[in-house]
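It should be emphasised that the depicted structure is a prediction, and the values quoted were computed from it without experimental measurement. All ligand and atom numbering here is 1-based and tracks the order in the structure.
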Amino acid sequence: MSGGAPRAGSGPGYAIGRGLATAAPARAAGTSVVLIEDDPVLGQSLMQRLRLEGVAAHWARNAAEGEALLRRHRPTLVVCDIRLPDGSGEALLARLMPELGGVPVVAVTAYGGVEQAVRLMRLGLDDYLTKPFPVQRLLDKLAAYARGAPAAVPEAPGDPALGWQSPPMRALQAALARVAPSDATVLLGGESGAGKGVAARRLHAMDAAGRGAQPFVVVDCPALPAATEAAEALLFGRGAGEAGTPGLVERAGAGTLFLDEVAELGPPLQLRLLRLLEERQFLRPDGQGEALPLRARILAATNADLAARVAAGSFRADLWYRLAVVQLTVPPLRHRAEDVVPLAGHFLRRFAPGGTEFTPEALAALRAHAWPGNVRELRNRVERVALLAGTPRLGPVDLFPERGAEEARAEPPAAEEEPRLEETTPGRAPRSLAEARDSAEREHIRRVLLRCGGRVTEAARALGISRTTLWERMRRLGVPAR
Ligand SMILES: Nc1ncnc2c1ncn2[C@@H]1O[C@H](COP(=O)(O)OP(=O)(O)OP(=O)(O)O)[C@@H](O)[C@H]1O
């Protein structure tokens with residue numbers, strides 16, 4: 001998920017990371033920011049302040065990370081230093097601005113970089129800040145953009161059935177409905193981009209009269225500050241009583257605390273979380289004041305293999321048991337063929353001007369694709385084509401430009417090629433579904449890498465997944481880097 005507006009039925013909330021928020025106390029609360037800044041001191045202090053204000057803030061320390069974040073998140077505001085270690089922020093912004101669909105961008109510049117910022121403003125940059133600047137100035141700008149900004153793109157569909165019509169998603173829906181009235185901790189597994197965040201919000205919203213009317217608070221675990229003390233302050237608050245600052249656990253109230261990408265928590269925070277789950281109460285880190293009760297329900301999500309992490313000793317087994325009281329998996333999109341076209345239609349309506357449609361060949365290509373990046377990849381492809389295509393009838397080449405015209409028109413999908421090969425290979429035992437899927441995925445990744453001249457960043461972008469995810473897949477599937 002990425003920053004966006006509150007959804008009907010999801011209740012008020014504060015958010016860190018990918019969360020959504022309403023009913024937040026500060027003017028900037030409920031907004032989201034992607035900060036691209038390599039200065040660790042400035043970055044850290046901006047992040048802390050933004051988070052304390054209830055802003056869902058994401059921090060990239062260089063241009064490549066910034067680009068990856070902006071492909072995943074659609075924030076209220078982008079704040080970008082124009083001198084970055086791996087290339088100029090100017091080049092990055094010049095490249096990305098046309099794709100940002102009107103998301104305001106503020107550049108951060110040293111004194112000598114003002115001319116550069118002015119150049120960028122001609123390209124569509126909205127504003128700039130000259131270092132050093134008081135954080136309050138940034139917050140004021142953020143609040144102003146939030147007031148004037150068009151309604152943010154909602155994270156999940158208004159129609160609860162959308163993208164959940166296939167048999168595996170109906171089964172998941174039924175399982176969520178069974179656990180919704182309980183307080184049980186739920187661990188959602190599944191590949192990146194499959195919709196674990198959406199499933200968590202759906203579970204929260206199902207109990208409309210109870211938790212669903214309370215806050216839904218997201219903790220983006222990999223984005224927590226590296227320093228344990230700062231992370232604890234964010235989670236558990238600071239100071240005693242009303243004069244202190246509540247942390248996210250308190251802000252979740254009697255709603256839901258959603259720990260996204262929980263496998264990325266470091267050992268000290270794993271221990272704090274274990275204690276929280278066992279004792280169902282906590283102290284603010286300064287140790288002053290009364291122990292406060294944990295009233296929120298805990299949901300967690302991960303695309304990592306937690307059992308393997310436990311076996312490798314990097315994740316506590318006791319915490320795993322506590323989190324996985326109920327364990328559910330969001331199936332990858334390639335196992336949900338019925339959901340692809342409705343979702344594509346939904347994203348097209350949302351991102352493209354009225355009247356834009358897919359050709360029958362495009363629909364066939366959508367159905368045939370293996371979707372290694374899952375719903376996120378589908379959304380990114382449709383959003384990109386809606387912004388760039390400039391034609392009301394979208395064909396396969398528009399959706400899959402990396403394949404080239406011939407291939408996109410006629411490509412027999414790898415996933416379908418393989419079984420045919422098996423059927424005609426006498427004496428060979430049929431492969432399992434998992435093997436066939438891996439083979440389709442391996443082939444697709446290999447082809448895209450080939451098209452992109454072996455450039456992993458470019459291939460990851462075309463596939464709609466992060467570079468890290470692509471490297472992981474390549475390692476797992478044995479696709480060589482060139
Ligand atoms: N049913 C759906 N309808 C509309 N959008 C969806 C649906 N499912 C997923 N999405 C969109 O797909 C993207 C990925 O979803 P989400 O963030 O929930 O996935 P995830 O499994 O949590 O990914 P990650 O593991 O990378 O955090 C988001 O932009 C989300 O809004």
Quick check: [X] and ligand 1, any N/O pair under 3.5 Å apart?
X: Lys196; answer: yes
X: Arg336; answer: no
X: Val198; answer: yes

Under 4.0 Å to a heavy atom of [X] - the qualifying atoms of ligand 1, by number:
X: Asn303; result: 25 (O)
X: Phe347; result: 4 (C), 5 (N)
X: Leu343; result: 1 (N), 2 (C), 3 (N), 4 (C)
X: Trp164; result: 1 (N)
X: Glu191; result: 21 (O)

| message | So for Ala301, does at least one of its heavy atoms come nearer than 4.0 angstrom to any atom of ligand 1? | response | no
| said: So is Ala194 touching ligand 1 or not, going by heavy atoms under 4.0 Å? | reply: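 Yes.
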| said: To check you understand the geometry: which heavy-atom pair defines the closest contact between Leu277 and Thr185, and what is its length? | reply: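 In terms of heavy atoms, the two residues are closest at CD2-OG1, 4.2 Å.
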| query | Shortest non-hydrogen contact from Glu191 to Asn303? | reply |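 Looks like C-CB, 4.0 Å.
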| said: Less than 4.5 Å apart, side chain to side chain, heavy atoms only: is that true for Trp59 and Glu37? | reply: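 With C-beta onward as the side chain, the pair touches.
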| task | Kindly indicate whether the side chain of Val375, heavy atoms from C-beta on, has any atom under 4.5 Å from the side chain of Asp339. | result | no
| task | Classify the ring geometry between Trp371 and His369 as parallel (under 30°), tilted (30 to 60°) or perpendicular (over 60°). | result |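 It falls in the perpendicular class, over 60°.
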| Angle class for the His204/Phe216 ring planes (parallel below 30°, perpendicular above 60°, tilted otherwise)? | perpendicular
| said: Measuring from atom 6 (C) of ligand 1, which candidate in Asn380, Val375, Thr302 has the nearest non-hydrogen atom? | reply: Val375
| message | For atom 26 (O) of ligand 1, tell me which residue out of Ala304, Ser192, Gly373, Ala199 has the closest non-hydrogen atom. | response |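 Nearest option to atom 26 (O) of ligand 1, by heavy atoms: Ser192.
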| said: Please report the interatomic distance OG1(Thr302) to CD(Glu261), rounded to the nearest 0.5 Å. | reply: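 Result: 7.5 Å between the selected atoms.
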| query | Looking at Arg393 and Asp398, does any basic side-chain N land under 4.0 Å from a carboxylate oxygen? | reply | no
